[in-house]
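Below is one structure; the comments refer to it alone.
No hydrogens, no waters, no symmetry mates; every other heavy atom, side chains included, goes into these values.
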Amino acid sequence: MSPTVSPSTPPALTVAKFGGTSVADFSAMQRSAHIVANSPATRLVLISACSGVTNLLVELSQGITDNVLRQQRLQTLNDTHQSVLDQLQSPEIPAAAIQALLENITALSEQAIEQPSAAITDQLVANGELLSTHLFTQILREQGIDAIRFDIRQVMRTDSQYGKAIPNPTAIRQLSNDHLRRQLQHHVVVSQGFIGSDESNHTTTLGRGGSDYSAALMAEAINATTLEIWTDVPGMYTTDPRIAAKAQPIKEISFSEASEMANFGAKILHPSTLVPAIRQQIPVFVGSSKAPEQGGTWIRQTVSDAPLFRAVALRCNQTMVTLTSLNMFHAYGFLAEVFRILAEHKISVDLITTSEVSVSLTLDQTDTAGGAPTLPQAAIEALNEWCRVEVEQGLCLVALIGNQMSHTQGSVSQVFGSLDDYQLRMVCYGASPHNLCFLIDQDNAKPIVQQLHQQLFEDH
């Protein structure tokens, strides 16, 4: 006998997101399609571009003047998608749409030579997801799943900050109710992560890695009961296994800890992914589409085990800005003016430390092109009227994630005791009980992470 379900209990509704490696080629798409087929609750599937495609599109968006090189990149894009078409039972169904998108990429790549811009970059890069969803939808159909393709730009409303657009959750929910909800009742809907549109229906992107964020926003909008993130590793680890071979899988982790890990460099999740999930208390599962039988990591509001040290995260490509002025000494209003200037130029600050005559801060978020955060020249000129400005790059941020770290005696000595041989910059500690972080030169990043992981996780 099946369990009695209360009339107030919402039906299970899962949003599944598959990353680029999970839809890299025909075999990968088939594996991901099997995951969808084995989960009757999965009604909305968001996927990334095929692995490597976004990088090619970003390169084209920068304007490749060498015609031979540009044609090589375009041919690679064609080959990537044609190889999937060739293995479909009915390739003629998506073929025309695939060809039209490839022709659009060619036209935009030529336009980028004459007049490159962030808007053209978004238009070009969005084609990766538009292409992959045509192919994946057909693969689902050929596995007997009633799947339809949906253009996420109809509902993923953002502002017009091309390359790192900010979504509007209220508009996304309303548009989803108007255009998507009925489709979910009758079909498995396949759509795109990472891309959206502004009020003028111009294509935007949410920044590199934004597919996870898209999935979380959609899970929130349609009142999903579970969000699944499928990638190429079976869940979250105590650090990147590519850096420390003895990294250990994490079976369960709290929203607070996972948010810190994502924000401080755990590439398995986009930093903003968990914000919508936290707002609606939606459990998040992270697993491997290559080996779903291995399980993965559940991210929930509360967990049974909350260790002092949970993981070591690494985030490179960092920019540190140091502002120095004797006017800071025993003065008021200096920091207010600094942040007014930063806000005026729409510059998001990540970390900050201060002394009597200086303030150091790191800039938040890379754009779709994947470059290090920059301080616009106009902002530098405005700040120079108040202080001396120094900008440094080539830095990495190491973050130790855990619980009650700022309230536990001896936790700091465990971390710093073995790092005497390294120059640590901009140490941030105490503002959150879940992290301790510092900047270091990128050349020392991996050795420091390896050393910390061995001391805090392997030796115990």
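One N or O on the side chain of Q87 and one on the backbone of S83 form a donor-acceptor pair closer than 3.5 Å. The backbone N or O of T353 lies less than 3.5 Å from no partner atom in the side chain of S360, so there is not a single donor-acceptor pair. Side-chain atoms of T158 do not come within 3.5 Å of backbone N or O of A165 as any donor-acceptor pair. Checked by atom type and distance alone, the side chain of N127 never pairs as donor or acceptor with a backbone atom of L130 at under 3.5 Å. Of the possible polar contacts, one joining the N384 side chain to the I380 backbone as a donor-acceptor pair under 3.5 Å is found. Between the H434 side chain and the G402 main chain, a donor and an acceptor come within less than 3.5 Å of each other. A donor-acceptor pair under 3.5 Å is absent between the side-chain atoms of T354 and the main chain of V359, judged by distance alone. The backbone N or O of K290 sits nowhere less than 3.5 Å from a side-chain atom of R31 that would complete a donor-acceptor pair. With hydrogens and angles ignored, the 3.5 Å screen pairs no side-chain donor or acceptor of T324 with any backbone N or O of S358.
The two atoms that bring P40 and N38 nearest to each other are CD-O, 3.6 Å, heavy atoms only. The heavy-atom pair separating L13 from N223 by the smallest distance is CD2-O, 4.3 Å. Closest heavy-atom contact between R425 and E392: NH2-OE2, 2.8 Å. Nearest heavy-atom pair, A258 versus L274, reported as atom, atom and distance to 0.1 Å: CB-CD1, 3.4 Å. When all heavy atoms of A216 and P276 are compared, the pair lying nearest together is O-CB, 3.4 Å. Scanning both residues, I152 and I195, for their nearest heavy atoms gives CG2-O, 3.4 Å.
Taken from CG in L135 to CG in L85, the straight-line distance is 5.5 Å, to the nearest 0.5 Å. For the atom pair CD of E110 and CG of L60, the computed distance is 10.5 Å after rounding to the nearest 0.5 Å. Here the straight-line distance linking atom CD1 of I341 with atom CD of E385 works out to 7.0 Å at 0.5 Å rounding. The structure places CG of L57 at 5.0 Å from CG of L77, a figure rounded to the nearest 0.5 Å. Of the inter-residue distances, the one linking S176 atom OG with L217 atom CG reads 9.5 Å to the nearest 0.5 angstrom. The distance from the CD atom of Q301 to the CD atom of Q281 is 4.0 Å, given to the nearest 0.5 Å.
Of the charged side-chain nitrogens involved, at least one lies within less than 4.0 Å of a carboxylate oxygen, so that K17 and D212 count as a salt-bridged pair. A salt bridge does not link E260 with R310: none of the charged nitrogens is closer than 4.0 Å to a carboxylate oxygen.
Of the residues N317, T319, T374, the one that meets the side chain to side chain donor-acceptor pair (under 3.5 Å) test with Q393 is T319.
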Intermediate values then yes/no, side chain to side chain contact (heavy atoms under 4.5 Å, CB included), D86 and F26: CA-CA 9 Å; D86 290 343; F26 181 77; over 6 Å; no

Side chain to side chain contact (heavy atoms under 4.5 Å, CB included) between Y162 and T121, worked out: CA-CA 8 Å; Y162 300 111; T121 296; over 6 Å; no

Residue pair R181, I222: steps toward the side chain to side chain contact (heavy atoms under 4.5 Å, CB included) verdict: CA-CA 7 Å; R181 187 169 294 278; I222 66 173; 4.1 Å; yes

Residue pair V303, W298: steps toward the side chain to side chain contact (heavy atoms under 4.5 Å, CB included) verdict: CA-CA 9 Å; V303 294; W298 278 101; over 6 Å; no

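Judged purely by distance below 3.5 Å, without hydrogens or angles, the side chains of T133 and Q192 pair a donor atom with an acceptor atom. Judged by distance alone, the side chains of T205 and D122 do bring a donor and an acceptor atom under 3.5 Å apart. In this model, a donor atom of one side chain and an acceptor atom of the other lie less than 3.5 Å apart for S197 and R157. N55 and E59 are not linked by any side-chain donor-acceptor pair at a separation below 3.5 angstrom, with hydrogens and angles left out of the test. If you check the side chains of E142 and Q138, you find a donor sitting under 3.5 Å from an acceptor.
Within a 6.0 Å sphere centred on CZ of R242, other residues, nucleotides and ligands contribute 12 heavy atoms or fewer. The local environment of CZ in R388 is sparse, with at most 12 non-hydrogen atoms from other residues, nucleotides or ligands closer than 6.0 Å.
With contacts defined as side-chain heavy-atom distances shorter than 4.5 Å, the pair L314/D240 does not qualify. When side chains are defined from C-beta on, W230 does not count as touching S32, because their heavy atoms never get closer than 4.5 Å. Inter-residue side-chain proximity for S109 and I64 is flagged as unmet; no heavy-atom pair is nearer than 4.5 Å. Between N168 and D159, the closest side-chain pair of non-hydrogen atoms is not below 4.5 Å. Looking at heavy atoms from C-beta onward, I35 lies in side-chain contact with S289 at the 4.5 angstrom threshold. L206 places a side-chain heavy atom less than 4.5 Å from the side chain of S214. A 4.5 Å side-chain heavy-atom check between S211 and E129 finds at least one atom pair inside the cut-off. You'll find the side chain of L375 reaches within 4.5 Å of the side chain of V389, heavy atoms only.
With sequence neighbours left out, Q442 forms a side-chain contact (heavy atoms from CB on, under 4.5 Å) with C396. Partners of A291 according to the side-chain contact (heavy atoms from CB on, under 4.5 Å) rule, which considers only residues two or more places apart in sequence or in another chain, are S288, E293, Q294.
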